[in-house]
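Reading through the structure tokens given below for one structure.
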Amino acid sequence: MSLLGVEDVFTAYGKIEALKGVSLEVAPGSITCLLGPNGAGKTTLMMSIAGILKPKRGRIVFDGTDIAGRAPHAIVGRGVALVPENRLVFPGMSVRENLLAGAYQRGDKAAIEEDIERMFGRFPRLKERAAQFAGTLSGGEQQMLAVARALMSRPKLLLMDEPSLGLAPLVVEEIFRIVADLHKDGATIFLVEQNAHMALKVAHHFYLIEQGRISFSGTPGALAEDEVIRRAYLGSSRA
Amino acid sequence: MDDYAIGVLTNIGLVSFLALSAYLLLIAGEMSFGQQAFFGVGAYAGGILTAMYGWPLPLAALAAMALGALAQLLVGLPTLRLRGLYFAMATLAAAEMMRILFELVHFQRAIDGEAVGPDGTQGFRGIRWVFAHGVEPIEYLAIVYALLVLALAGFLLLERSRLGATLRGVGEDPELAAALGVDVNRCKLGVAAAAGALAALGGVLFAHHNTYIEPRNFDIMLGVHSLAYALIGGLGTALGPLLGVVLDIGALEGSRVFQGYRMIVFGGLVALLLVWRPRGLLDERTVRWVKQRFS
Amino acid sequence: MIDLAQNTLDGLFLGSSYAMLALGFTLIFGVLRRVNLAYGPAIMLGCYAATWVHLNSGAGLLALAAVAVLCTTLAGAYVERLCFAPHRQGSAIAAMVASFALWMQLEELATLALPRHIYPFPPLHGGTPLEFGALTLRVESLVMLGAAVAACAALWWILYRARFGIAVRAVIDQPGAAQLAGISVPRTFMLTFAMASAIGGLAGFLVAASHEQVTPMLGMMFTLKGLLAMMLGGLGSLPGAVAGGLALGLLEAHSQWFLGPQARDLIAYALLFILLAARVPWMTTRSAS
Amino acid sequence: MGKAALFLILGFVPVLAFAQSPKADLACKATGTDYVFDCTIRLSRGGKPLEGAQVTVGADMPSMPMAHNLKPVKAQAGQAPGEYRAKLDLEMLGVWAVKLRLAGPVRDQLILHYEFDSKGATPAKR
């Protein structure tokens, strides 16, 4: 049984249909990737799952119940946390307060403090900057903070939207090492990425999306990497 | 048509100048709470010139428009780089300052043994040029609408011209417009002068229609109303503000049946209308749709 | 010298009422990025409701204060639902003009309920003002100062110590991220709006008690003074709102004493215009385009 | 409309002669129903009562004068010369700018400010 089942989802911006019937599954405990060129609908799908956008049609079954169209805070309550594209930290609040905001829905004060210490353990640089305004952090640090904030709500499913966007190669390496570590700790991750090369190294299963439709589904190696990269960047031309 | 209907139609015409003035600034991206002050400048200037110095109305109107344009430039110059709410509050402050100055002005001349001229909060009585020259109400109505049609023609020409597109560009995204070589500041000052002159013209005509003006006629209510007219009627075309005025003053007069409840009904309607059409009835989309159908 | 001290005292009293109004405006603006022109009239309606209760029953001052705060909050919720909720993603001007339409509506509602132009309102303390040497201080002034301090302390505690404060500040700072952190943005809007209305209702009640009368014009006065104080203190900053309110109060008290009421307003508006034109640093922190 | 065109040209000739403008004062009493007042208007010109004029009586609130005005009523001639009577139905109490529009022997418009309360109307002190 899949932890997340996207079934024939249509999402549109006004008259423009960004998703034209997308269906995919994320198995529990897996790292599943979604690759595709710019404007294929990757972020639109993520925002549809997280509730920021309301799909016109289709179902999004998470842990057995359909969460399509539900309010974002209700979806977070059910255990889905999104690390958004370009990070979206709270620039005017301290790193520590950013983490507190991530755990907003939880009432257990002691466990929250524990989790904050755990985050500081996993991301030492965040501990150094705990009292700093999040706006003053570097791109990589903000990315880590965004991931830590998402983890603070103890999600069953972690959605990550292009975490490597705009980061230096060294930092990208670190981000993917963090993704692998999170998976080792038992998290289920649905990763949307442009960096096909790095993504295929960690993914158990991946999908290719082009112009709002899934165009390939399989395990890494089922398709030659250069073919994947070509279609992920250029999209397959319908000859 | 009886005097009352003529009066209402004239009022609709007079306020329309103010609504057009607020509209012109709005499409150039500037939300002004202060057009009522330049309406007041026109009223006082025109009234003084005709009632105290015997100028003919047309000449006094031109002079008042120039003064109105100058006054708006005086407000516009120091606030060139302000945007959004900052600009709105600056215009509000300037307008309230002018209203208070009108209250402090006591400047009268004796004509035929009577003191004529602005007398602070007592107001300015006896702007009777229209009656002294035997202009019938219907004729005054014709003059107001002739001038309004002239202004509208100017706007519709502007809408079609490159200048109109430039203005809307400055309104949408000043940085982008500047990047494309538009002298944004010159645009803003040009718009300010035109808006000031337009509001002042309305003011002159109002003063001579009402024969009496006082500082409280030009308070913040009139300012926010003029902004509301432009937004309710629609930002897509110069006809929008006029539609807004007709809905307000037309509905207010028309809804005699609501007698004491006019504003309760009308206020609620406006709020609901804005929920349905946030950029007014004749917004840009509707205008484009109409243009496609008929051109 | 005594005049200076007396004016400063009066200025502080006036300033604390303006500070509370500015706090209300800033909370709403901070969270919603919108200006609520119906904020003043909602408070006036709250004062009218208290006046109505006072006229028709012997309710005590505390009960009247509760009625004022409650009715302001109800009127505020009505304004929020009709003018601000539908325009959250939409244009700020539409929301503001809608709130202006409701300003007219609330004002006419009040004049319908109580048609006379001026109604008496019970003062907090009927007796003579307190004497400190040559200085006189009315009970209302002390209570107003106390209320302003209490409002600031409560607000500070909620925002920086209570859990709900994280939600409010998150929504102010980055509404998109707040959604993803599991914070219900609409609920935060409503509760913040209620907080702002409660502070406004309290300020309105105390102003009515100190003037010992209510008129429909209170609505415009509350809105204009609140906006002026908020802008002087720097748009969207809560400490700025308090500073702006106190500054405005002191400025008005002193200029009224030396130059008269018209000059008082003239100077206040002139100061705002000059500061805006000079683009002073604390005023351009948050772009409100 | 020919006259309007003529007016535009004529308008350029400065005319300073002002006809002697009429004077008016108002006395209003509250009637039984809310906001309705019985008013007697005394018109005079150059000290002599002004008779035989058609007088219409309207009223504006000082703020937003173009929007809040009321439907004017025609006044009937009163008993004494130069006296006219009219029933004013205001919407609210408070300060109103009462607008008298004169036609017939003299064409003019006068505006008087009165404070209307539940008993009657007194000249508004401004």
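These numbers were taken from a predicted model, which means no experiment stands behind them. In what follows, chains are A, B, ... by sequence order, proteins preceding strands, each numbered from 1.
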* Identify which part of A/V89 has an atom lying under 4.5 Å from any heavy atom of chain C, answering side chain, backbone, both or neither. => backbone
* To do: Any pair with a residue in residues 171-195 of chain C that passes ring pair (Phe, Tyr, Trp, His ring centres under 6.0 Å), sequence neighbours left out, goes on the list, sorted by first then second residue, please.
  => C/F84-C/F193
* Asked: What residues, two or more places apart in sequence or in another chain, satisfy side chain to side chain donor-acceptor pair (under 3.5 Å) together with C/Y39?
  -> none
* Is the number of heavy atoms from other residues, nucleotides or ligands under 6.0 Å of A/F133 CZ greater than 12? -> no
* Minimum heavy-atom separation for C/L180 to A/V76, with atom names? -> O-CG2, 3.4 Å
* Counterpart residues, side chain to side chain contact (heavy atoms under 4.5 Å, CB included), relative to A/A203 (two or more places apart) -> A/C33, A/P220
* A/A101 versus chain C, heavy atoms under 4.5 Å apart: side chain, backbone, both or neither? -> both
* With rounding to the nearest 0.5 Å, note down the distance linking CG in A/L100 to CD1 in C/I166. => 5.0 Å
Give every donor-acceptor pair between chain C and chain A closer than 3.5 Å, one pair per line, or write none.
residue : atom : partner : partner atom : Å
C/R163  : NE   : A/Y104  : O            : 3.1
C/R163  : NH2  : A/Y104  : O            : 2.6
C/R169  : NH1  : A/E97   : OE2          : 3.2
C/R169  : NH2  : A/E97   : OE2          : 2.8
C/D173  : OD1  : A/G92   : N            : 3.4
C/D173  : OD2  : A/G92   : N            : 2.5
C/D173  : OD2  : A/M93   : N            : 3.3
C/G182  : O    : A/Q105  : NE2          : 2.7

* Asked: What's the shortest heavy-atom distance between A/F90 and C/A177, and which atoms?
  -> CE2-CB, 3.5 Å
* Can you tell which of A/P91, A/A103, A/A146, A/G135 has the highest number of heavy-atom pairs within less than 4.5 Å of chain C? -> A/P91
